[in-house]
4 protein chains.
Amino acid sequence: MTDKLRGIFTPNLVPLDSRGEINEAELRRYVDWLIARGVHGLYPNGSTGEFTRFTVEERRRIIKIVCQQCDGRVPVLAGAAEANVRETIRACETYHEYGARAVAVVSPYYYRLSPESVYAYFREIALHSPIDVTLYNIPLFASPIDVPTIRRLAEFPRVIGIKDSSGDVTFMCRMIAAVRPIRPDFSFLTGWEAALVPMLVMGADGGTHATSGIVPELTRLIFDLTTSGRLSEAVPLQLRLIELFDAMITSADFPEGFRAAVELRGFNFGASRQPLSESQRIDREALQKVLRCILADFGVAEAPAEGCAPRTGNLQRDKVLQVTEAVLRELRERGMQ
Amino acid sequence: MTDKLRGIFTPNLVPLDSRGEINEAELRRYVDWLIARGVHGLYPNGSTGEFTRFTVEERRRIIKIVCQQCDGRVPVLAGAAEANVRETIRACETYHEYGARAVAVVSPYYYRLSPESVYAYFREIALHSPIDVTLYNIPLFASPIDVPTIRRLAEFPRVIGIKDSSGDVTFMCRMIAAVRPIRPDFSFLTGWEAALVPMLVMGADGGTHATSGIVPELTRLIFDLTTSGRLSEAVPLQLRLIELFDAMITSADFPEGFRAAVELRGFNFGASRQPLSESQRIDREALQKVLRCILADFGVAEAPAEGCAPRTGNLQRDKVLQVTEAVLRELRERGMQ
Amino acid sequence: MTDKLRGIFTPNLVPLDSRGEINEAELRRYVDWLIARGVHGLYPNGSTGEFTRFTVEERRRIIKIVCQQCDGRVPVLAGAAEANVRETIRACETYHEYGARAVAVVSPYYYRLSPESVYAYFREIALHSPIDVTLYNIPLFASPIDVPTIRRLAEFPRVIGIKDSSGDVTFMCRMIAAVRPIRPDFSFLTGWEAALVPMLVMGADGGTHATSGIVPELTRLIFDLTTSGRLSEAVPLQLRLIELFDAMITSADFPEGFRAAVELRGFNFGASRQPLSESQRIDREALQKVLRCILADFGVAEAPAEGCAPRTGNLQRDKVLQVTEAVLRELRERGMQ
Amino acid sequence: MTDKLRGIFTPNLVPLDSRGEINEAELRRYVDWLIARGVHGLYPNGSTGEFTRFTVEERRRIIKIVCQQCDGRVPVLAGAAEANVRETIRACETYHEYGARAVAVVSPYYYRLSPESVYAYFREIALHSPIDVTLYNIPLFASPIDVPTIRRLAEFPRVIGIKDSSGDVTFMCRMIAAVRPIRPDFSFLTGWEAALVPMLVMGADGGTHATSGIVPELTRLIFDLTTSGRLSEAVPLQLRLIELFDAMITSADFPEGFRAAVELRGFNFGASRQPLSESQRIDREALQKVLRCILADFGVAEAPAEGCAPRTGNLQRDKVLQVTEAVLRELRERGMQ
């Protein structure tokens, strides 16, 4: 396959069983469910997929299961970041054999590297990977990849796109202006669903969104409406998607809010490998109530027995907004570019 | 006048004469020039207008001159931030007499205040100002105003809008979602021209952009194309506007790059009150060369004799991009929300 | 006087009367009280003194009153930042006439300027001021002054010292290493009392501390013990000073906690010009209870009737610590270098 | 052994051979060299040791080699962070068998977790580890551990200390004030050698410093002078240590500058697993020249044939200072608490 990556790729969470092991049956059922609801592709071993919390062997098993289960119905973009360049290239080789469409490689993390080092890292991978490579920029968690570095890396045919989770529309514009003239086939995916519509309007090709793992029908609808020019219908849906996103991201440490939400869609994802304290367990229940109301509003879940608060201008909402900004500020402060 | 604020308001720079005093004749000529090129309004004493570098008396004189010269042709949004609540309210009274349409009040600066203090500050102004008030959120330079605070302040009829210079499209969406249901007349202006098109798409009513003081024809054109649904024409212009914006903001400390640029349009703005060092003077010349090329490309200035580099994919551009990101990162680090 | 600035300078708050005007009688009484309790100097119109919330005329009046009242008993370091270089130089001239020992000029604020612009700004002042100048670095609120810029400015004889409020001991060491070899008379004052002992150990000459306006006896004692090598006595006092500092800085937006505290020493400072909301008024009362306990522990106030919680390892303390870190993180995020 | 951890622990780099594999012979030789020069302990698999760039099996081999080679001469503090709680506890078990004195566990990284999650993570480890645990706070690279969380974790007997790399002396004071009353045996180690003297003065028990791997004689000397009260001798050495530290940290991405420096002491550490670009290789040579001069000044290396610039007040030094601050600012911005 040599098509340009386009559309909504779901960075799927991984269900665990009661012993904390990968729940393969549930993962396969989840993949089928996502494909049936219109996602354009799968993106296992992303940040939402908690790739750092699995062992090397487990990461490979996750890709194998997802590739097998997709079975060519939709392309798989496989997260391939490992301990160092050599191990990452080995993962590229393995995922190529498994039938992934491409790999996504997060910029070096833990250490915060300079643009020159980020370039050197990806250059090695671009030269030696047998499978197409997508850069993954997530300044919140990893060394930022700046526009000139992206442009230099776009000179390697093996590098076919970027997933950017900065959420900065102007940054997306700068990338497109710098790279598209020399690589019209380069794919620009946004990882920030809270700005999906404006990103698509400015020329992005799609996105990889944790929210698409919760409401795949909706992210697909927003994509279709926006790319067919029906903006007046897409914009209100975007605002509601932000509301859902905010509720999930502020309720607990990422991606715990998304794990709570996916269970409302009928899946059993088990407990995270990151332990929770007592107070966090209580927060999680409160989130589920809020989420159920939003999902009910979208028609994909039943409203809770005790009813839902009106949607705008109420205190509940204001509290969520204040927490949202505090959390985003906190996130930004803790590591964002 | 009680119309909703809408369109592009120019935060005009103030020309100075050789003694460093306000050059009234040149300011009046500049106001006429801007109006003739299609700006929807003027916004004196904004950050671009270097309001902190003038005395109380000078700030009043600037508003008086601009209001007189506009003479009702376009509305004036007068920057009214003073030393404390009482002085700010006095400025509101004066600017009301001068015939301004509304005032814009920047959030408390120097000290970084909590949302509760920001609320208390604007509440006093909202209760006592005789003229409509626009909140001014510029987290880069002043205490941030968060969405719940904006929503609480929108309950005061005197508060009619917000100018937001965060550049964050998702933040704009959150504001609109929180406030529009209770105040359909509330005006949302973005101060970040680098995201003008996506902001308008998501529902913003216009903007106050330093760039509109340099290329008023272009910001007007982008506004008209976007609001009439001609996005495929607006998007490429937006990308070029970012290029111009980046060249000006990275060449020198804000707003010095804009001062250098406006001279290319035929005005004499004199030297800033913020002294420049020798090396900075050299940088300014280099900027003028780059700017001349971009302006020439837009057809509003002649290309320099030595010619211009091709527009995309060249080293010059890459260097600007790298500097841009470093500068924006720096700005964000130095005080952004 | 040409002595090196040395010791603890109090950045005094300004008492206001019921109409919000400067309470001259109380200010004079406060100056006498501070001098009687051992402060080495006064520092009116600092950040603690809320210089931005007074008019130009009021700022001059404050310096005049303090200089008169000190009457040569201790030196006055007068805050002299005004709207632009010319106005700042005028303030230098005026404060020279009033008999101040030196002026302190905060780095340009609102706009965040580059080192080159910061240099150009102070260079003008250094060349034209008739009175000795102290640089004031407070990266939390104003453009940071980096070590190479400090070193370049130390070449002007008029620049005699720096007040640094970064709180970074390593930064203090870098400044001393860079400047002392060429200017042994240069004075290094720290604005961060939470690190007073380690700063003095590494070679600082003293400090300007808001806390010295509340417990002048203690900051003087810590200074004397540390400079005479009695570290084992100074260190426990430093830890308690941090506790007091944290209680004041986390209770309300700076410097409101210090205003509440000074009233416990028997002064009437009135309400701030920055309005408070209802919830903030309640917080202020809670603070006064905590402060009274700490002051009682130091023997300078009576314990509240309801008694005080034990001093270490209790929940109350933990809560203060958590708030402290959140506040400091917030401050840092909002504008620190 | 149940002694309190005290003194300087070297976070050793790992030498690699020409194929990029662990160079066991050189590692053993390096361990002997460090012990002979007075380090109090070894700290393999720290950030300086690039633990994230090795595989699980390699990390175990590194600990095994270091424990064997130390052979009880000095205690080993083994870095034990793995993919998740379960794997980390397994590493604790293994390193216990190898004879390590304690393990150091970095706070969860990549994801930036809240204090509550950080607590839950360490609580699991504290309950199940068979070996003493040291918390490792490095807000630059991992989720910050705040003081209340440290205090809560200090209630577990298995948690015996903290290594803090924040560089904030006031934070060190707050930790000591909160924890020492309930756990006098708790060990406070600073990871920031640029503030070693002030940290020791305020009560820290020692440190884990990358610089001690380059000049172990010097960090030992500074420790001995400070803890025996000879501050007037320790302070000038601290200033010189900052100069060395700055030269290494600003020359290349951490810890590349330290790798270049250790080769000047007669070791062959090979190329990093993080690839370098051409321009970075040139920078590295320039660094070696600067380092050689500083080491020559300390008497542990020969001055370069072309001579050294004078030590203070020269342009070369100024440039390093400016870069230092930019780098530190950058680091802070990219992830510091």
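Computation of the quantities below employed the complete heavy-atom set of this structure, encompassing side-chain atoms and omitting hydrogens, waters and symmetry-equivalent molecules. Within every chain, numbering begins at 1; the chains are lettered A, B, ... in the order of the sequence lines, protein sequences first and strands thereafter.
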S.K.: Decide side-chain hydrogen bond (donor to acceptor under 3.5 Å, both in side chains) for A:Thr52 and D:Tyr109; before the verdict, give the C-alpha distance in whole Å, the side-chain angles of both, and the deciding distance to 0.1 Å.
M.R.: CA-CA 9 Å; A:Thr52 61; D:Tyr109 56 94; over 6 Å; no
S.K.: Does any heavy atom of chain D fall under 4.5 Å from the side chain of A:Val56, the backbone, both, or neither of them?
M.R.: neither
S.K.: Passes salt bridge (Lys or Arg N to Asp or Glu O under 4.0 Å), D:Glu21 versus A:Arg86? Steps please.
M.R.: CA-CA 11 Å; D:Glu21 303 294 339; A:Arg86 192 159 52 178; 3.3 Å; yes
S.K.: Just give me the residue among A:Glu58, A:Gln274, A:Glu124 that pairs up with chain D most often, heavy atom to heavy atom, under 4.5 Å.
M.R.: A:Gln274
S.K.: Measure the OH-OG distance between D:Tyr119 and A:Ser279 for me, rounded to the nearest 0.5 Å.
M.R.: 10.0 Å
S.K.: For the residue pair A:Glu87 and D:Thr55, establish whether any side-chain heavy-atom pair is separated by less than 4.5 Å.
M.R.: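 The answer is yes, as the side chains (C-beta and beyond) meet within the 4.5 Å cut-off.
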S.K.: Does any backbone or side-chain atom of D:Arg123 lie under 4.5 Å from a heavy atom of chain A? Answer side chain, backbone, both or neither.
M.R.: neither
S.K.: Which of the residues D:Pro255, D:Gly20, D:Ala120 is involved in the greatest number of heavy-atom pairs with chain A at under 4.5 angstrom?
M.R.: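 Counting heavy-atom pairs under 4.5 Å, the top option is D:Ala120.
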S.K.: I need the residue from D:Pro108, D:Ala252, D:Ser117 with the largest number of non-hydrogen atom pairs under 4.5 Å to chain A.
M.R.: D:Ser117
S.K.: Does the ring centre of A:Tyr111 sit less than 6.0 Å away from the ring centre of D:Phe141?
M.R.: yes
S.K.: Do the side chain of D:Asp253 and the main chain of A:Leu113 share a donor and acceptor less than 3.5 angstrom apart?
M.R.: no
S.K.: Test your reading of the model: is there a side-chain donor-acceptor pair from A:Asn84 to the backbone of D:Arg273, 3.5 Å cut-off?
M.R.: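 Side chain of A:Asn84 to backbone of D:Arg273: no pair is present.
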S.K.: Using side-chain contact (heavy atoms from CB on, under 4.5 Å), reason through A:Tyr110 and D:Ile138 one step at a time and then give a plain yes or no.
M.R.: CA-CA 10 Å; A:Tyr110 191 72; D:Ile138 183 163; 3.7 Å; yes
S.K.: Go through the atoms of D:Glu116 and report whether side chain, backbone, both or neither lie under 4.5 Å from a heavy atom of chain A.
M.R.: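 Contact with chain A: backbone and side chain both.
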S.K.: Which region of D:Glu50, side chain (C-beta onward) or backbone (N, CA, C, O), has a non-hydrogen atom less than 4.5 Å from a non-hydrogen atom of chain A, or is it both or neither?
M.R.: both
S.K.: By a 4.5 Å heavy-atom criterion (distance strictly below it), what part of D:Phe51 contacts chain A: side chain, backbone, both, or neither?
M.R.: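 Contact with chain A involves both backbone and side-chain atoms of D:Phe51.
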